[in-house]
Number of protein chains: 2
Amino acid sequence: MPQALFPDVINKLKLFDGLNTEQKGVLLREGRIRWCGQGQYLFHCGDPISHFYVVCSGAMQLLRQTPDGDQITTDVVIAGKTISKTEIFRNAQNRHNVSAVAVEDAVVLEFSAAWLKKAAAESSAIALNILSAISQYAHMIQVEIEHKSTMTAAQQVACFLQRMCLMHDLDPNGFELPYSKTLIASRLGMEPETFSRTLVKLREHGIEVKDSFVRFYDMEQIGNYVCSHCSAVEDCPTHRTLLTGTCVKKDLKA
Amino acid sequence: MPQALFPDVINKLKLFDGLNTEQKGVLLREGRIRWCGQGQYLFHCGDPISHFYVVCSGAMQLLRQTPDGDQITTDVVIAGKTISKTEIFRNAQNRHNVSAVAVEDAVVLEFSAAWLKKAAAESSAIALNILSAISQYAHMIQVEIEHKSTMTAAQQVACFLQRMCLMHDLDPNGFELPYSKTLIASRLGMEPETFSRTLVKLREHGIEVKDSFVRFYDMEQIGNYVCSHCSAVEDCPTHRTLLTGTCVKKDLKA
DNA sequence: CGACACTTTGAAGACGATCAACGCCGGTGG
DNA sequence: CCACCGGCGTTGATCGTCTTCAAAGTGTCG
């Protein structure tokens with residue numbers, strides 16, 4: 001019984017916002033649990049899209065191989081987030097355009113793609129929830145494109161660390177990086193070397209990183225170069241300070 | 001009567017796929033026509049989101065100012081495409097996060113945002129059409145992020161020119177650029193100078209550009225560096241040759 | 001005609017990628 | 001128990017690419 005195992009994750013799913021407990025129950029009965037050991041693939045790029053997934057614990061990396069060998073990390077999906085929503089509704093060749101692999105032992109709830117489509121077609125609440133989620137996602141990557149073409153590596157890292165702090169609900173005054181630096185660098189589309197060098201520079205700008213321990217020690221400075229567009233991530237009182245600045249490029253140029 | 005004025009554009013709208021003529025008629029009666037002279041803004045970044053738009057003729061540029069002055073072109077929307085879909089369903093602050101300005105005289109059909117939400121809630125066909133459109137869009141920008149971090153300017157331009165050829169239904173053996181080089185450069189997130197220099201280099205790789213005239217003169221070479229992920233853009237028999245390669249970075253590295 | 005936007009070209013500079021080397025750790029196997 | 005290996009992270013040196021600044025040519029429009 002899925003609900004019994006991961007009630008928190010399931011109850012917080014935005015996908016089911018606006019549905020009552022009974023309705024959720026009916027839908028969730030279709031779910032099947034899958035365990036993914038670290039390094040195990042949930043699916044590969046090019047596979048037919050058969051399922052929709054909710055990550056219950058652990059984390060999955062979405063990545064794509066470019067034909068000349070190097071790989072791009074599209075996203076790192078943590079507990080409570082979903083996989084394949086976008087692909088399922090794309091109405092294209094119906095094949096995954098990314099691979100999904102567990103970066104740490106993970107538990108995933110799996111539904112058939114048809115189930116999701118049916119739910120969207122029959123419940124306008126669900127359809128609108130999905131629309132909202134995909135729209136937010138689209139906005140996020142759009143902002144990231146913008147970052148890539150206008151910000152230096154330091155700015156991107158600073159911005160990313162702050163979003164990560166929000167998304168993982170970590171303490172801005174000190175937290176451990178939730179996954180490896182190599183993976184973060186890949187997620188940001190930069191080389192591990194560049195990422196490493198960048199972390200050192202951030203120390204002069206209100207962010208201290210020692211090993212995998214991060215501390216925002218000068219909120220005022222940080223407020224100066226938080227990117228205003230990033231506030232698209234859900235607002236949260238605890239982290240409010242991280243969200244109320246505008247992105248001033250110059251500050252990190254030095 | 002909107003339909004009378006722009007029957008082609010309206011009838012081809014994917015948004016209404018699966019609806020009969022009568023249903024379309026009812027929905028379209030709500031539309032209001034707006035003329036946008038070149039340089040005129042349809043809305044500004046930060047404005048409350050009030051409407052959903054269908055471009056009937058001309059082209060609109062979507063752009064965002066970064067706080068330190070430079071501007072990013074998010075997208076160039078041509079006839080038959082829509083504006084604000086994503087923003088409307090984002091369920092965030094309900095404000096535009098881009099500005100829309102006419103790059104050439106444009107005619108736009110305008111619907112209230114509430115109208116679109118209502119249509120999506122009441123018709124699962126429409127909801128699924130929107131889901132599909134946004135998903136495709138999300139995939140496209142995802143691929144563009146990938147391009148930005150793995151491809152050189154030359155590769156990006158080559159790929160973009162081919163997608164443009166498809167989207168605008170142009171003749172691969174020779175066509176005029178549908179808008180200015182400065183705008184294209186901005187759309188690609190690069191400087192006009194870089195873009196200009198890049199076009200010269202493409203001549204050695206199967207693409208000739210003279211002034212604003214583009215010709216793909218060596219399909220075989222081009223096939224070698226078309227990016228396979230880009231085939232997400234709708235397939236089209238005329239342009240099939242442009243879609244059947246895989247993206248081999250090395251070819252354009254020289 | 002003059003103002004202005006667009007495009008191209010040149011030269012210099014900044015930034016990130018790449019290659020190489022090293023220290024560190026955890027695991028494996030002799 | 002120690003030797004060895006592989007992955008990770010850091011640092012240094014070098015290289016290529018894109019940006020930036022500058023200048024000049026072209027075209028359009030008032």
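This one's a predicted model, so the numbers in the text were calculated from it and none came from an experiment. Every chain is numbered from 1 and lettered A, B, ... according to where its sequence line falls, protein lines coming before strand lines.
Following rounding to the nearest Å, Glu176(A) (CD) and dG9(D) (P) show an atom-to-atom distance of 13 Å. For the pair Glu191(A) CD and dC15(C) P, the computed distance is 18 Å after rounding to whole Å. Regarding Lys181(A), its NZ atom lies at a distance of 15 Å from the C1' atom of dG7(D), rounded to whole Å. Rounded to whole angstrom, the span from the CZ atom of Phe195(B) across to the P atom of dC6(C) amounts to 14 Å.
Residues passing the side-chain hydrogen bond (donor to acceptor under 3.5 Å, both in side chains) test with Glu144(A), sequence neighbours excluded: Arg163(A), Arg187(A). Annotation: salt bridge (charged side-chain N to carboxylate O under 4.0 Å, His left out) contacts of Glu208(A) (sequence neighbours excluded): Arg215(A). By the side-chain hydrogen bond (donor to acceptor under 3.5 Å, both in side chains) test, Ser186(A) is found to be paired with Thr73(A), residues two or more places apart in sequence or in another chain being considered. Contacts of Tyr137(A) classified as side-chain hydrogen bond (donor to acceptor under 3.5 Å, both in side chains), with partners at least two apart in sequence or in another chain: Gln142(B). By the side-chain hydrogen bond (donor to acceptor under 3.5 Å, both in side chains) test, Ser212(A) pairs with Glu176(A), sequence neighbours left out. Legend: residues meeting side chain to side chain contact (heavy atoms under 4.5 Å, CB included) with Thr82(A), ordered by chain and number and at least two apart, are Leu13(A), Phe52(A), Val54(A), Lys85(A). For Tyr41(A), the ring-ring contact (aromatic ring centres under 6.0 Å, His included) partners two or more places apart in sequence, or in a different chain, are His44(A).
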All N/O donor-acceptor pairs, side-chain side in residues 101-110 of chain B, below 3.5 Å, sequence neighbours left out:
unit_1    : atom_1 : unit_2   : atom_2 : d
Asp105(B) : OD1    : Gln38(B) : N      : 2.7
Glu110(B) : OE1    : Arg34(B) : NH1    : 3.0
Glu110(B) : OE2    : Arg32(B) : NH1    : 3.3
Glu110(B) : OE2    : His51(B) : NE2    : 3.4

Atom pairs and distances, donor-acceptor, side-chain atoms in residues 188-200 of chain B, under 3.5 Å, two or more places apart:
unit_1    : atom_1 : unit_2    : atom_2 : d
Thr198(B) : OG1    : Thr194(B) : O      : 2.7

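Using a 4.5 Å heavy-atom threshold, the side chains of Ile33(B) and Trp35(B) count as touching.
Contact annotation: Thr194(A) reaches the phosphate of dA17(C) (side-chain N/O to OP1 or OP2, under 4.0 Å).
Computed from C1' positions of five pairs at each end, the angle between the two local axes of the helix from dC1(C)-dG30(D) to dG30(C)-dC1(D) equals 30°, rounded to 10 degrees.
Of the candidate nucleotides dC18(D), dA17(C), dT11(D), dA17(C) has the atom nearest to the side chain of Met190(A).
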Atom pairs, protein N/O to nucleotides 26-30 of chain D N/O, distance under 3.5 Å:
none

Distances under 3.5 Å only, N/O to N/O: pair up the protein atoms with those of nucleotides 19-25 of chain C.
unit_1  : atom_1 : unit_2    : atom_2 : d
dC19(C) : N4     : Glu193(A) : OE2    : 3.3

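Thr182(A) comes within contact range of the sugar-phosphate backbone alone, with a heavy-atom separation under 4.0 Å but no base atom that close.
With hydrogens and angles left out, the side-chain atoms of His147(B) and Gln155(B) include no donor and acceptor closer than 3.5 Å.
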